[in-house]
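In this text the structure is predicted, and so the values were computed from the model without any measurement.
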Amino acid sequence: MLLRVATLVAAGLSLAFAIPCDDVEVNLPCTQHSYSSVLQNSARCSGFALSTLDGPSAWQSARNGQGQWLQLDLLERRLVYGAVTQCHGTTLHCVRKYKFMYSQDGSSWQWVDGGRQFDGNGASLNGNLRKRTVFGNAVFARYIRIVPTA
C-alpha cells in the first residue's frame, strides 16, 4: 500500500502477517486483498491494486484524506500479532503512521490495541526495507485492515 507522505492517502505499503507460535510471515496473495478505493480504478492484482511484499507495485487509493484502508482476508480466524510493511520499491513512497482494525465477519470492526497509532516505515532511501510492527495484544481475526493516518 503506497501512502503519499504529504497526504493521508494510501500508497507504498505491503503487508504480511505472522503466527506467534512459529513466527511465520504469511504474504497473502493479492486475491485476498481489498481496498477502500484504488487509483485509476485498477483491477484487482494489477496497477495500483497490488500490495504484496516484494511485488512490482503497491496500493494507492483514489482519494486523499482519511477513511482509506487496505483489507486482508485470512480466509479463516487466525491469531495475528503484527504486520510487516514495505515502502514502494521504485518511488520510495512510505507510510509514516497507521492503525489496525480487525473483524470476524467483515462488517463489525474493532481497533487493535484500542486504536493505537503505529509508526510506519517513514522516509527511506531503500524502498525494499521491511518494517515489522508487533501489536501490544494479539487478536483472533479473519479480516485485518490497515488505516493510514499520516
Would you name the heavy atoms of R63 and S36 that are closest together and state the gap between them? NH2-O, 3.9 Å
S46 to A43 - nearest heavy-atom pair and separation: OG-O, 2.7 Å
Salt bridge (charged side-chain N to carboxylate O under 4.0 Å, His left out) partners of residues 98-120, not counting sequence neighbours, each pair once: K97-D119, D113-R116
From [atom1] ([X]) to [atom2] ([Y]), nearest 0.5 Å:
X: R145; Y: F100; atom1: CZ; atom2: CZ; result: 14.0 Å
X: T149; Y: R96; atom1: OG1; atom2: CZ; result: 8.5 Å
X: Q110; Y: Q104; atom1: CD; atom2: CD; result: 8.0 Å

Below 30° counts as parallel, above 60° as perpendicular, anything between as tilted: where do the rings of F118 and F135 land? tilted
What pairs with Y102 under ring-ring contact (aromatic ring centres under 6.0 Å, His included), at least two apart in sequence or on another chain? none
For residues 136-144, please give each side-chain donor-acceptor pair under 3.5 Å, one per line with the distance, not counting sequence neighbours.
{"unit_1": "R142", "atom_1": "NE", "unit_2": "D73", "atom_2": "OD1", "d": "2.8"}
{"unit_1": "R142", "atom_1": "NH2", "unit_2": "D73", "atom_2": "OD1", "d": "3.4"}
{"unit_1": "R142", "atom_1": "NH2", "unit_2": "D73", "atom_2": "OD2", "d": "3.0"}

For R44 and T31, indicate whether the former's side chain and the latter's backbone hold a donor-acceptor pair under 3.5 Å. yes
S103 (side chain) donor-acceptor with W109 (main chain) under 3.5 angstrom: no
Does any part of the side chain of L72, heavy atoms only, come nearer than 4.5 Å to the side chain of H33, both counted from C-beta? yes
